[in-house]
Amino acid sequence: MRYSQLLLPTTKETPSEAEVVSHQLLVRGGFIRKLTSGMYTYLPLGFLALQKVIGIVREEMNRAGAQEILMPMVQPGDLWQESGRWKKYGPELLRFRDRHDRDYCLGPTHEEVVTDIARRELQSYRQLPINLYQIQTKFRDEIRPRFGLMRGREFVMKDAYSFDVDDAGAGRSYEIMHQAYTRIFERCGLEFRAVEADSGTIGGSFSHEFMVLAETGEDTLVICEACPYAANVEKAAIAPSAEAVDEGARATVCKVATPGLKQVDKVAEFLKVDPSKVIKTMIYLADGQPVAALVRGDREVQSVKLKNLLGANEVESLNEEQVWQQTRLPVGYMGPLGLEIKVVADQEVMRMVDAVAGANEKGFHCTGVNPGRDFEPDAVGDLRQIAADDRCPVCGGSLRLKEGIEVGHIFKLGTNYSEAMEATFQDSDGQEKPFIMGCYGIGVSRVVAAAIEQNHDAKGIIFPVPLAPFQVIVLNLGPKDETFCQAAETLYNGLKALGLDVLYDDRDERPGSKFNDADLLGIPYRLTVGKTYEKEGKVELRARRTGATELLAPEQAVDHIAGLIRQALV
Ligand code: ATP
Ligand code: MG
């Protein structure tokens, strides 16, 4: 492709809303343009990068024996009523009516549609196992679309669904997808981890997320230093403590003035106790109802665990003003004593002795609070987020926390959907049985952003070769000079003839701005016809990632580069 003819509007301006580097660079590099909140057009370069991801995903899904289909993006509400998710799925599901006043939604995922296909088209165990997948645009009306392609409202997903006759088969299908995903992200050239994960609104019993390691990741992973255990902190379980609780005498509850002391640390310091002696009370809205969640003062509430413990569809944290509106409670001075809303406590809280808690009165706390004696929560469970100083729940080893970007998620669904939607097949014993299902997603467009989050420097993107929209850029620094043009054209044509993806910068621009653009776009190899060509007939090859340069005779350059790229694609 000739740069002079390409719609590649690079810009120096960074949109003020672009908080993360992938969003900034995708806009600056002319890859994407925003249409409206959470919705983007892929310009040619963005679309090429997306196609690279799609190509790898498709090859590996096919290799794993999955079959590609394409389902409608608009889905009838009736199917969602059948699965029970019409009610359960929150406002992320964009619902609307057609001219006949029938309910529809834009597909955020396709369990219902694919289960409908299965119950119509698959009658016998002989047709199983089967795995059907598609690569398609999804819509989720995200509450806070942000970070460009990372969290859009409209985005491209690969979603696959497996159907098996029994649990053992479903386990094999899951394992095949686990391996296919590992190959996909390896081939993309990304550093990633597969971690145990919460199943969310998709449902099911067991799941793994594939996380690209990057500081800007919205997820936190906990990784054991000693064993293969790795989990999303949303999921990472904390075993109940085995230590005995001190059975000695207990203090009585005593109200003390703590004016202006709203934070745990401040109260603890003032009362000369450790923060672990303070009960932290946080108010959440669970399916519209206020709930108080209690954790030790040195711990954090994990809202997904809270949601699971409550069996709620949605849990929202509230700011000070919202807490006041919902409960008339003073943030900073809240506690479990005499609370009239639902109270759930972390298991650790129930082991606290003579604790400090807010008095539910501005400027006051209580000391001598003993859970079980002074208040009884409505529910007790594992509510808190695992921390770096916790021990591995599997082997007791030490843990490390890391940020990650979720690029893939695989689930064992069991019979959740097949039972609700009466999707059955006839087994070898003549019995009608529900399909055992699994589902498997990859955020194809998010992979492009995640690759950039993991691979960039101050000058721009550093694409892993397999995802680069172009593998080589040929810079012609003498676009008005006949011999320069001839040499550059020959190189461009030679590289193209070998099937490489080549961008030819034939523009009449200053060398400086050509170099800058090449760096910004992150093209792995840059081949320059410039000064050294004039002086000694050599062209300069530079690797974007390492900055290493070498001078080559033009007639060697093409094969040499083709070799480097082939190596990077294995
Ligand atoms: P998240 O926790 O990031 O909201 P999710 O758990 O809702 O994601 P899944 O339902 O597992 O996502 O969807 C499969 C994949 O689709 C995810 O692993 C992710 O890579 C991608 N994905 C999900 N939501 C978005 C989004 N809003 N924008 C881009 N990609 C997304
Ligand atoms: Mg997920």
Side-chain angles (χ1 to χ4, degrees), residues 20 22-23 26 32 34 37-40 42 46 50 53-54 57 61 85 88-94 106-112 114 133-161 177-178 181 184-185 188 190 192-204 206-214 216-221 231-235 302-304 307-308 313-315 403-413 416-417 438-454:
V20 296
S22 63
H23 189 186
L26 283 168
I32 58 168
K34 178 168 148 180
S37 169
M39 287 148 77
Y40 293 87
Y42 296 83
L50 189 71
V53 180
I54 289 175
V57 169
M61 290 303 292
R85 283 207 293 185
K88 219 175 157 193
Y89 218 103
E92 270 186 30
L93 187 66
L94 185 62
L106 286 185
T109 176
H110 278 66
E111 285 77 12
E112 281 79 1
V114 81
Y133 81 97
Q134 63 173 350
I135 298 169
Q136 186 216 36
T137 298
K138 295 282 184 278
F139 194 93
R140 294 181 180 182
D141 204 353
E142 297 271 354
I143 184 164
R144 273 192 299 150
R146 60 191 182 283
F147 306 155
L149 297 188
M150 203 94 90
R151 184 168 299 282
R153 293 200 293 166
E154 196 174 305
F155 60 97
V156 180
M157 198 201 284
K158 185 285 299 173
D159 45 328
Y161 307 87
M177 282 297 104
H178 196 295
Y181 275 40
I184 286 169
F185 297 118
C188 286
L190 298 170
F192 68 97
R193 287 293 287 254
V195 303
E196 289 179 19
D198 183 71
S199 294
T201 38
I202 307 275
F206 189 76
S207 81
H208 281 92
E209 284 166 344
F210 286 75
M211 295 282 186
V212 165
L213 303 179
T216 43
E218 289 185 279
D219 285 273
T220 307
L221 326 178
N232 192 313
V233 292
E234 294 176 352
K235 169 84 177 175
Q302 171 40 252
S303 59
V304 173
K307 187 175 95 173
N308 291 342
N313 295 326
E314 226 176 351
V315 160
E403 272 64 57
I405 301 166
E406 181 193 324
V407 287
H409 199 164
I410 59 178
F411 301 80
K412 275 188 187 168
L413 292 174
N416 281 8
Y417 291 90
C439 76
Y440 316 93
I442 291 183
V444 173
S445 44
R446 188 184 278 182
V447 170
V448 175
I452 297 171
E453 291 296 331
Q454 197 176 71

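For ligands, and for the atoms within them, numbers begin at 1 and follow the listed sequence.
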>> Going by the closest heavy atom to atom 13 (O) of ligand 1, which one wins out of Met157, Glu234, His409?
In response: Met157

>> Main chain of Leu213, side chain of Gln454: is a donor-acceptor contact present, judged purely on distance under 3.5 Å?
In response: yes

>> Within the 4.0 Å heavy-atom shell around Arg140, which atoms of ligand 1 are there?
In response: 5 (P), 7 (O), 9 (P), 10 (O), 12 (O), 13 (O), 23 (C), 24 (N)

> Considering only heavy atoms, does Leu149 approach ligand 1 within less than 4.0 Å through its side chain, its backbone, both, or neither?
Replying inline: backbone

> Hey, does the side chain of Tyr40 reach the backbone of Phe155 with a donor-acceptor pair shorter than 3.5 angstrom?
Replying inline: no

>> Only heavy atoms of Gly152, strictly under 4.0 Å: list the atoms of ligand 1 that pass.
In response: 26 (C), 27 (N), 28 (N)

>> Has Gln302 got a side-chain atom pairing as donor or acceptor with Val304's backbone, closer than 3.5 angstrom?
In response: yes

>> How long is the straight-line distance from CG of Asp159 back to NZ of Lys138, given to the nearest 0.5 Å?
In response: 3.5 Å

> Under 4.0 Å from ligand 1, counting heavy atoms only, is it the side chain of Glu142, its backbone, both or neither?
Replying inline: side chain

>> Distance under 4.0 Å to a non-hydrogen atom of Arg446: what atoms of ligand 1 satisfy this?
In response: 3 (O), 19 (C), 20 (O), 22 (N), 23 (C), 24 (N), 25 (C), 26 (C), 29 (C), 30 (N), 31 (C)

> Is it the side chain, the backbone, both or neither of Arg151 that has a heavy atom closer than 4.0 Å to ligand 1?
Replying inline: both

> Non-hydrogen atoms of Thr109 versus ligand 1: any pair closer than 4.0 Å?
Replying inline: no

> Does Gly408 come within less than 4.0 angstrom of ligand 1, counting non-hydrogen atoms of the residue?
Replying inline: yes

>> Any nitrogen or oxygen of Asp219, side chain or backbone, less than 3.5 Å from one on ligand 1?
In response: no

>> So Tyr440 and His208, do their side chains get closer than 4.5 Å, heavy atoms only?
In response: no

> Hey, is the main chain of Val444 close enough, under 3.5 Å, to the side chain of Arg446 for a donor-acceptor pair?
Replying inline: no

> Would you call His23 and Met150 a side-chain contact if the rule is heavy atoms closer than 4.5 Å?
Replying inline: no

> Does Glu234 reach the side chain of Asp219, with side-chain heavy atoms less than 4.5 Å apart?
Replying inline: yes

>> Residue-level breakdown please: for Met150 versus ligand 1, do any non-hydrogen atoms fall below 4.0 Å on the side chain, on the backbone, on both, or on neither?
In response: backbone

